[in-house]
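The chains referred to below are lettered A, B, ... by the order of the sequence lines, with proteins before strands, and numbering in each begins at 1.
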2 protein chains.
Amino acid sequence: MAEANLKVVSEPIAKAQDDVCEILYVDEPRVKAVAAQMPADETIRQVANIFKVLSDPTRVRIIFALSRAELCVCDLAALLGLSISAVSHQLRLLRNLRLVKYRKEGRLAYYSLDDDHTGQLLHEVLEHVQ
Amino acid sequence: MAEANLKVVSEPIAKAQDDVCEILYVDEPRVKAVAAQMPADETIRQVANIFKVLSDPTRVRIIFALSRAELCVCDLAALLGLSISAVSHQLRLLRNLRLVKYRKEGRLAYYSLDDDHTGQLLHEVLEHVQ
DNA sequence: TGAATACTTGAGCAATAATGCAAATAACCG
DNA sequence: CGGTTATTTGCATTATTGCTCAAGTATTCA
């Protein structure tokens, strides 16, 4: 449970590199000024994670479809021309991230969007592209 | 040139899978209705590609930094605590996607944002997170 | 011209992630 | 119960990606 994947691999982010130019800074005040404005690493990671959700076309299509209708896994797979397994894997991921929720009706699992923000973000960029 | 990477792997998207439920559709009219609204595969791929740019913390930090100041590769690397090479690789990618531009001054290459939309999108999500 | 510096680039490695397959779970029905 | 169906899940495979290393290019300066 709670194995929310799609985690951006935090890590180094500030590991003294010896691959740096000798002078260290070409324009130190400018660098310092920007450094002071840099968001915290944790914030950066959260932002990247949000974008990562929509960085895969399968997930984009799933989220788009669910923004239009509540669908069971089977219909979603048929709609997208994907295997049930592939869809279920992605749904688990989205479930762990609390982006979708589901409702059990007999053996069917009806999925819908849980978090409005992501769908909102998707449609925003979608309109921009079209 | 023009080897714009970060391409989402288009592919199948509509390959008759035998892994589909027997009935084919639980709720055919609903599936058809959503199918009719589905954006074209090409559109979906473009959207995913846009999100993909910001799905990595290093690129998020680079784009944030460049949204604050024009910086040479060396200062950018120092600012982010990354190797020059790592930064340069990401800059090439962003260059190929026309998201950043650069200005040569002697041996220094000063990078800045070329496309406002991506920086805009980043700041939007950033504010939402903070 | 030659050394040094700033950056770019190609190859390759290690980590991630998307999907398929097969087994497991769960609900329904005879 | 036993069989069928809908979905989930673990594992394996393959593809992608971010980074390092080392070599290459270009520009400045002595």
(message) Parallel, tilted or perpendicular, judged at 30° and 60°: which one describes the rings of B/F51 and A/F51?
(response) tilted
(message) Tell me if the side-chain of A/H89 makes a donor-acceptor pair with the base of D/dT7, cut-off 3.5 Å, by modelled atom types.
(response) no
(message) Whole angstroms only, please: what is the NZ-C1' distance between A/K104 and D/dT7?
(response) 7 Å
(request) Grab the CG-P distance between B/L80 and D/dT20 for me, whole Å please. (result) 12 Å
(request) Report yes if a side-chain nitrogen or oxygen of A/T58 is closer than 4.0 Å to either non-bridging phosphate oxygen (OP1 or OP2) of C/dT19; otherwise report no. (result) yes
(request) Round to a whole Å and report the spacing from CG of B/D75 to C1' of C/dC7. (result) 13 Å
(request) Please state how far atom OH in A/Y102 lies from atom C1' in C/dT25, giving the value in whole angstrom units. (result) 12 Å
(message) Is there a side-chain contact between A/K52 and the phosphate of C/dA17, meaning an N or O under 4.0 Å from OP1 or OP2?
(response) yes
(message) I need the CD1-C1' distance between A/I84 and D/dT4, as an integer number of Å.
(response) 15 Å
(message) Can you tell me how the ring of A/Y111 sits relative to the ring of A/Y102, calling it parallel under 30°, perpendicular over 60° and tilted otherwise?
(response) parallel
(request) Kindly write out the residues that satisfy salt bridge (Lys or Arg N to Asp or Glu O under 4.0 Å) with B/R103, not counting sequence neighbours, or none if the list is empty. (result) B/E70, B/E105
(message) Is the phosphate of D/dT17 approached by B/Q90 (side-chain N or O, under 4.0 Å from OP1 or OP2)?
(response) no
(message) Whether the B/E42 and B/Q46 side chains hold a donor-acceptor pair (N or O, under 3.5 Å, no angle test) is what I'd like checked.
(response) yes
(message) Starting the side chain at C-beta, find the nucleotide from D/dG18, D/dT8, C/dT8 nearest to B/L93.
(response) D/dG18
(request) Establish, with yes or no, whether the OP1 or OP2 oxygen of C/dA6 is under 4.0 angstrom from a side-chain nitrogen or oxygen of B/Y111. (result) no
(request) Report yes or no: is there a donor-acceptor pair, N or O only, under 3.5 Å between the side chain of A/S85 and the base of D/dT8? (result) no
(message) I need the single residue from B/L121, B/L99, B/L97 that forms a side chain to side chain contact (heavy atoms under 4.5 Å, CB included) with B/I50. Which is it?
(response) B/L121
(message) Suppose we call a contact any N or O donor and acceptor under 3.5 Å apart; does that hold for the side chain of A/S88 and the base of D/dT9?
(response) no
(message) With a 4.0 Å cutoff (strictly under), does any side-chain N or O of A/R107 reach OP1 or OP2 of D/dT4?
(response) no
(message) Can you measure B/E105 atom CD to D/dT27 atom P for me and round it to whole angstrom units?
(response) 14 Å
(request) Look at the side chain of A/R92 and decide which nucleotide, out of C/dG20, D/dT20, D/dG10, has an atom nearest to it. (result) D/dG10
(message) Measure CG/A/N96 against P/D/dT9 and give the value in whole Å, please.
(response) 8 Å
(message) In this structure, how many angstroms lie between the C1' atom of C/dT5 and the CG atom of B/L108, rounded?
(response) 9 Å
(message) Given C/dT19, D/dT9, C/dT8, identify the nucleotide with an atom nearest to the side chain of A/R95.
(response) D/dT9
